[in-house]
Amino acid sequence: MKSMFRKLRHVLIIMLFALFITVPAKGEEAFELHLLDVGQGMSTLIRAGGHYMLIDGGGRAASSFVVSYLQQQGIEKLDYVVVSHYDEDHISGIIGALHVFDCDTILAPDYQADTEIYASYLSAADASGAEIIYPRQGEEYPLGDAVITVVGPASYSGDLENDRSVAIRICYGNTSYLICGDAQGQEEEDMVNSGLELASDVYVVNHHGSGDSSGLYFLNEVHPAYALLSCSADNAYGHPALETMERLNAEGVSLYRTDKQGTITVYSDGTGLWFDQEPCNDFSAGGQPETDISSESGTEINADAVAVTYVCNLNTKKFHYEYCDSVNKMKESNKKFTNESRDSLIAQGYVPCKNCNP
């Protein structure tokens with residue numbers, strides 16, 4: 001029944017779009033959400049009237065693109081910059097933006113990272129003169145006629161940095177939008193248990209569609225009509241994961257993907273919303289397969305039988321794939337490179353990383 005209502009809502013919005021064939025002028029009342037095509041990363045631009053918010057900025061390779069895109073939008077000042085968390089694929093472009101645009105307020109997570117990119121971010125944030133706020137769950141901030149509610153995290157002391165992501169829900173008139181950075185299972189559970197409103201028309205998919213995000217109970221609370229996914233084609237992480245795509249498909253969402261469609265823009269007049277393009281509705285998995293490697297003949301091969309290099313953290317006793325973001329954050333003295341099997345490492349007391357799922 002819920003899926004039928006979503007489909008009906010989608011039909012009504014398409015009918016509304018037919019009445020507005022041209023994109024509305026940038027008046028004081030217009031609202032826009034731009035999910036930028038930054039490859040394997042995430043960056044979202046919000047405009048409410050003459051007010052702007054940049055949420056994340058993509059990785060190093062996308063930094064100049066993000067700055068150029070904002071300049072093309074005629075932006076001179078950002079009311080807010082939101083740092084969801086301190087991973088490179090989210091904050092590099094923010095550093096570039098802070099060097100070019102004036103900014104009033106930075107909303108950032110209340111923890112520290114031991115990385116060079118984090119140090120560069122701190123330097124840029126300090127030089128910008130912006131007020132830095134570590135927002136708490138339930139706080140609200142105005143953006144023109146839009147209202148920004150911080151829906152997560154419940155705490156900045158979670159085991160995973162992804163589960164410390166600043167998560168926000170935006171309300172503009174009768175429309176709503178949910179953007180939660182790289183939030184995974186624990187933060188999603190905390191948001192559901194918070195009692196805060198999560199239901200949103202548009203959902204920017206958590207953590208690029210990883211298998212540990214967009215859980216069933218979380219999606220049932222959000223029950224979006226539209227899902228927007230940011231990832232790159234043929235990424236090394238296997239994003240988006242097939243199980244996540246299956247859950248989104250079961251929710252009956254209309255799906256948009258940057259790896260298939262490039263930058264995606266949503267427009268709203270506060271009553272309805274419409275897009276700059278039709279959904280791709282491609283619910284296939286992306287990137288390189290994380291498991292179930294198959295031979296050319298189609299015979300399935302056990303992944304443990306393939307020579308795979310893992311990186312063990314001698315301090316935390318976790319093991320990772322070489323490409324995992326956590327490896328870049330390890331001290332060199334804590335790294336142990338090995339070709340031992342997954343089962344062998346577990347038998348030695350190591351546990352698999354929940355980010356890269358080795």
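Keep in mind it's a predicted model, so treat the numbers as computed, not measured. Only this structure's heavy atoms are used, side chains among them; waters, hydrogens and symmetry mates stay out.
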Item to complete: Any chance you could lay out the side-chain contact (heavy atoms from CB on, under 4.5 Å) test for Val204 and Leu35, step after step, and finish with the verdict?
Response: CA-CA 8 Å; Val204 177; Leu35 183 64; 4.1 Å; yes
Item to complete: Apply the test side-chain contact (heavy atoms from CB on, under 4.5 Å) to residues Leu229 and Thr258: give CA-CA distance (whole Å), side-chain angles for both, the deciding distance (0.1 Å), then the verdict.
Response: CA-CA 6 Å; Leu229 174 66; Thr258 60; over 6 Å; no
Item to complete: Applying side chain to side chain donor-acceptor pair (under 3.5 Å), run through Tyr203 and Ser214 and close with a yes or a no.
Response: CA-CA 10 Å; Tyr203 166 49; Ser214 300; 2.7 Å; yes
Discussion item. Determine whether Ile117 and Ser92 satisfy the following criterion, side-chain contact (heavy atoms from CB on, under 4.5 Å), listing intermediate values before the conclusion.
Written reply: CA-CA 7 Å; Ile117 196 68; Ser92 288; 3.4 Å; yes
Practice prompt. Please step through side-chain contact (heavy atoms from CB on, under 4.5 Å) for the pair Gln71 and Val100, ending with a clear verdict.
Written response: CA-CA 9 Å; Gln71 289 173 331; Val100 174; 3.8 Å; yes
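Electrostatic pairing of Glu161 and Lys329 counts as a salt bridge here, judged by a charged N lying under 4.0 Å from a carboxylate O. Residues Lys77 and Asp104 are paired through a salt bridge, judged by an N-O separation under 4.0 Å between the basic side chain and the carboxylate.
Without hydrogens or angle criteria, Arg47 side chain to Gly49 main chain gives a donor-acceptor distance under 3.5 Å. Side-chain atoms of Asn235 come within 3.5 Å of backbone N or O of Ser232 as a donor-acceptor pair. A donor-acceptor contact shorter than 3.5 Å is absent between the side chain of Ser128 and the backbone of Leu98. The backbone N or O of Met245 sits nowhere less than 3.5 Å from a side-chain atom of Asn249 that would complete a donor-acceptor pair. In this structure, Thr263 contributes its side chain and Asp37 its backbone to a donor-acceptor pair below 3.5 Å. Of the possible polar contacts, one joining the Ser194 side chain to the Leu196 backbone as a donor-acceptor pair under 3.5 Å is found. Side-chain N or O atoms of Arg257 include none that pairs as donor or acceptor with a backbone N or O of Phe283 at under 3.5 Å. Between the Ser268 side chain and the Gly272 main chain, a donor and an acceptor come within less than 3.5 Å of each other. Proximity of a side-chain donor or acceptor of Gln40 to a complementary backbone N or O of Cys231 within less than 3.5 Å is not detected. Side-chain atoms of Thr244 never come within 3.5 Å of backbone atoms of Leu242 as a donor-acceptor pair (strictly under, hydrogens ignored).
In plain terms, the two heavy atoms of Ala199 and Ser176 that are nearest each other are O-OG, 3.6 Å. Residues Tyr86 and Pro109 approach most closely at OH-O, 2.7 Å, considering heavy atoms. Contact between Val151 and Glu197 at its shortest, heavy atoms only, is CG1-O, 4.1 Å. Between Met53 and Ile148, the closest heavy-atom pair is CE-CG1, 3.8 Å. Closest non-hydrogen pair, Glu187 versus Gly152, comes out as OE2-C, 3.5 Å. When every heavy atom of Val147 is checked against every heavy atom of Glu140, the shortest pair comes out as CG1-OE1, 3.9 Å.
For the atom pair CG (Leu45) and CD1 (Ile75), the distance works out to 4.5 Å, reported to the nearest 0.5 Å. Rounding to the nearest 0.5 angstrom, the gap separating the OH atom in Tyr134 from the CD1 atom in Ile106 is 9.0 Å. Note that CG of Leu178 is 11.5 Å distant from CD of Glu221, once rounded to the nearest 0.5 Å. Atom CG of Asp201 is separated from atom CD1 of Ile170 by 12.0 Å, given to the nearest 0.5 angstrom. Rounding to the nearest 0.5 Å gives a distance of 9.0 Å between CD1 of Ile95 and CG of Leu122. Going from atom SG of Cys180 over to atom CG of Asp163 covers 11.0 Å, rounded to the nearest 0.5 Å.
Side-chain contact annotation: Gln72 with Ser68, donor-acceptor N/O pair under 3.5 Å present. No side-chain donor-acceptor contact under 3.5 Å links Gln184 and Asn206. Asp182 and His85 share a side-chain donor-acceptor pair at under 3.5 Å. There is a side-chain donor-acceptor pair under 3.5 Å between Tyr141 and Glu139. Side-chain atoms of Asp282 and Ser284 form a donor-acceptor pair, as typed in the model, at a separation below 3.5 Å.
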Quick one: side chains of residues 56-67, donor-acceptor pairs under 3.5 Å with protein atoms, not counting sequence neighbours, listed by atom name and distance.
residue : atom : partner : partner atom : Å
Asp56   : OD1  : Ser84   : N            : 2.9
Asp56   : OD1  : Ser84   : OG           : 3.2
Asp56   : OD2  : Ser84   : OG           : 2.7
Asp56   : OD2  : His90   : ND1          : 2.7
Arg60   : NH1  : Glu88   : OE2          : 3.4

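Phe319 and Tyr350 have perpendicular rings, their planes meeting at more than 60° on a 0 to 90° scale where under 30° would count as parallel. Relative ring orientation between His34 and Tyr69 is described as perpendicular, the plane-to-plane angle rising above 60° on a 0-90° scale split at 30° and 60°. Ring geometry for Tyr237 against His239 counts as parallel: the plane angle stays under 30°, on a 0 to 90° scale with 60° as the upper cut.
Following chains of ILVMFWY side-chain contacts shorter than 4.5 Å, one can reach Ile132 starting from Val83, so the two form part of one hydrophobic cluster. When hydrophobic clusters are built by joining Ile, Leu, Val, Met, Phe, Trp and Tyr residues whose side-chain heavy atoms come closer than 4.5 Å, directly or via intermediates, Tyr156 is grouped together with Ile55. Under the 4.5 Å side-chain heavy-atom criterion for Ile, Leu, Val, Met, Phe, Trp and Tyr, Val253 and Phe218 are members of the same hydrophobic cluster.
Put simply, the residue from Val150, Thr105, Ile168, Val82 that forms a side chain to side chain contact (heavy atoms under 4.5 Å, CB included) with Pro135 is Val150. Evaluated for a ring pair (Phe, Tyr, Trp, His ring centres under 6.0 Å) with Phe31, the options Tyr177, Tyr267, Trp274, Tyr52 yield exactly one hit, Tyr177.
By the 6.0 Å and 45° rule, Arg164 stacks over the aromatic ring of Tyr111.
Contact of the Ser254 side chain with the Asn281 side chain is registered, since non-hydrogen atoms from C-beta on lie closer than 4.5 Å. Counting heavy atoms from C-beta on, the side chains of Ile46 and Leu143 come closer than 4.5 Å. Counting only heavy atoms from C-beta outward, the side chains of Glu76 and Phe101 never approach each other to under 4.5 Å. Side-chain atoms of Ser43 and Leu54, non-hydrogen and from C-beta on, do get closer than 4.5 Å to each other. Annotation: side chain of Lys317 is not in contact with side chain of Gln348 (no heavy-atom distance under 4.5 Å). A 4.5 Å side-chain heavy-atom check between Val205 and Leu228 finds every atom pair outside the cut-off. Between His223 and Leu219, the closest side-chain pair of non-hydrogen atoms is not below 4.5 Å. Between Val81 and Cys103 the shortest side-chain heavy-atom distance falls below 4.5 Å.
Scored by the side-chain hydrogen bond (donor to acceptor under 3.5 Å, both in side chains) test, Gln186 finds Asp190 as partners (sequence neighbours excluded).
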